[in-house]
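Positions are given from 1 along the sequence. From a predicted model like this one, the values you see are computed outputs, not experimental measurements.
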Amino acid sequence: MDVFEMKFAKVFPLLIAKAERKGRTRNEVFEVIKWLFGYTKEQLEALLDSEATYGDFIDNAPTKNPVRMNIKGRICGIKVEEIEDPRMRDLRILDKLVDELAKGKELNMIIHV
């Protein structure tokens, strides 16, 4: 199954779990998503209670932060800045930011690229 067709409510808990395994919080993941895509907690909770897909989550983001395009580095062995598909790049940027959070990087350093 294509990751963009997966239900957001099934994918999102995996992001939270990745951060929480390393002592980070759900609220910190929310802050990363707010910075990256402009979602409020209420909007995220509504998505979790809906049939929205991961693709819907990315495609319908309220405000994609233009600074996200400055994020560089590797995720799953792939350089984020070299990903051509905009949806996949946004997905991998989110993965990268949550990974940075899980590695112990301070939230304010992650979202002030």
Side-chain angles (χ1 to χ4, degrees):
M1 174 185 267
D2 182 325
V3 68
F4 297 109
E5 295 173 11
M6 295 175 70
K7 297 292 181 205
F8 178 70
K10 291 193 182 256
V11 177
F12 185 70
L14 301 174
L15 293 172
I16 298 296
K18 182 191 293 189
E20 287 180 339
R21 277 193 304 271
K22 299 292 185 169
R24 303 314 286 260
T25 68
R26 179 181 179 102
N27 283 338
E28 288 175 307
V29 176
F30 277 144
E31 286 299 314
V32 166
I33 291 172
K34 179 180 176 185
W35 178 86
L36 185 59
F37 294 124
Y39 282 104
T40 64
K41 282 186 184 182
E42 294 77 19
Q43 289 169 318
L44 283 175
E45 295 294 344
L47 280 174
L48 289 169
D49 291 336
S50 75
E51 292 296 310
T53 65
Y54 205 40
D56 295 334
F57 163 71
I58 291 173
D59 294 341
N60 300 320
T63 312
K64 291 184 180 178
N65 191 328
V67 178
R68 78 188 189 288
M69 302 309 284
N70 296 336
I71 295 173
K72 297 183 181 351
R74 292 186 179 270
I75 187 76
C76 300
I78 298 168
K79 288 185 177 180
V80 172
E81 62 272 21
E82 292 178 0
I83 299 172
E84 292 183 21
D85 178 342
R87 291 172 93 202
M88 184 57 74
R89 186 170 184 177
D90 283 343
L91 181 148
R92 294 301 185 188
I93 288 171
L94 177 57
D95 284 346
K96 175 79 176 146
L97 296 180
V98 172
D99 277 357
E100 293 293 319
L101 188 65
K103 289 178 183 174
K105 196 168 185 181
E106 292 297 320
L107 182 62
N108 65 341
M109 297 301 292
I110 294 168
I111 62 176
H112 290 101
V113 175

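To the nearest 0.5 Å, atoms OH (Tyr54) and CE (Met6) are separated by 9.5 Å. Here the straight-line distance linking atom CD of Glu20 with atom CG of Leu101 works out to 10.5 Å at 0.5 Å rounding. Arg26 contributes atom CZ, which lies 13.0 Å from atom CD of Glu31 (distance to the nearest 0.5 angstrom). Note that CZ of Phe37 and CG of Leu44 are 10.5 Å apart. Values are rounded to the nearest 0.5 Å. Atom NZ of Lys34 sits about 11.0 Å away from atom OG1 of Thr63, to the nearest 0.5 Å. Taking CD1 of Ile16 as the reference point, atom CZ of Phe30 lies at 5.5 Å (rounded to 0.5 Å).
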What donor-acceptor contacts under 3.5 angstrom involve side-chain atoms of residues 91-98, with partners at least two apart or in another chain?
unit_1, atom_1, unit_2, atom_2, d
Arg92, NH1, Asp95, OD2, 3.2
Lys96, NZ, Glu100, OE2, 3.0

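Although no hydrogens or angles enter the test, the distance criterion places no donor-acceptor pair under 3.5 Å between the side chain of Glu82 and the main chain of Lys79. Looking only at distances, a side-chain donor or acceptor of Thr53 sits under 3.5 Å from a matching main-chain atom of Phe4. Side-chain atoms of Lys103 never come within 3.5 Å of backbone atoms of Lys22 as a donor-acceptor pair (strictly under, hydrogens ignored).
Contact between Ala102 and Ala19 at its shortest, heavy atoms only, is CB-CA, 4.3 Å. Taking each heavy atom of Ile71 and Val80 in turn, the nearest pair found is O-CG1, 4.0 Å. Taking every heavy atom of both residues into account, Glu81 and Lys72 meet most closely at OE1-CA, 3.3 Å. The nearest pair of heavy atoms linking Arg87 to Ile58 is O-CD1, 4.0 Å. The two residues Ala52 and Ser50 come nearest to each other via the heavy atoms N-OG, 3.0 Å. Residues Arg24 and Lys105 share a closest heavy-atom pair of NH1-O, 3.0 Å.
More than 12 heavy atoms of other shown residues, nucleotides or ligands fall within 6.0 angstrom of atom NZ in Lys18.
Using a 4.0 Å cut-off between charged side-chain N and carboxylate O, Glu51 and Lys10 make no salt bridge. In summary, Arg89 and Glu84 do not engage in a salt bridge, as defined by a charged side-chain N under 4.0 Å from a carboxylate O.
At a threshold of 4.5 Å between side-chain heavy atoms, the hydrophobic network of Ile, Leu, Val, Met, Phe, Trp and Tyr places Trp35 and Met69 in two separate groups.
For Phe8, the ring pair (Phe, Tyr, Trp, His ring centres under 6.0 Å) partners two or more places apart in sequence, or in a different chain, are Phe12, Phe57.
The side-chain contact (heavy atoms from CB on, under 4.5 Å) test with Val29 singles out one residue from Ile33, Val32, Asn27, and that residue is Ile33.
The shortest distance between side-chain heavy atoms of Arg68 and Asp90 falls below 4.5 Å.
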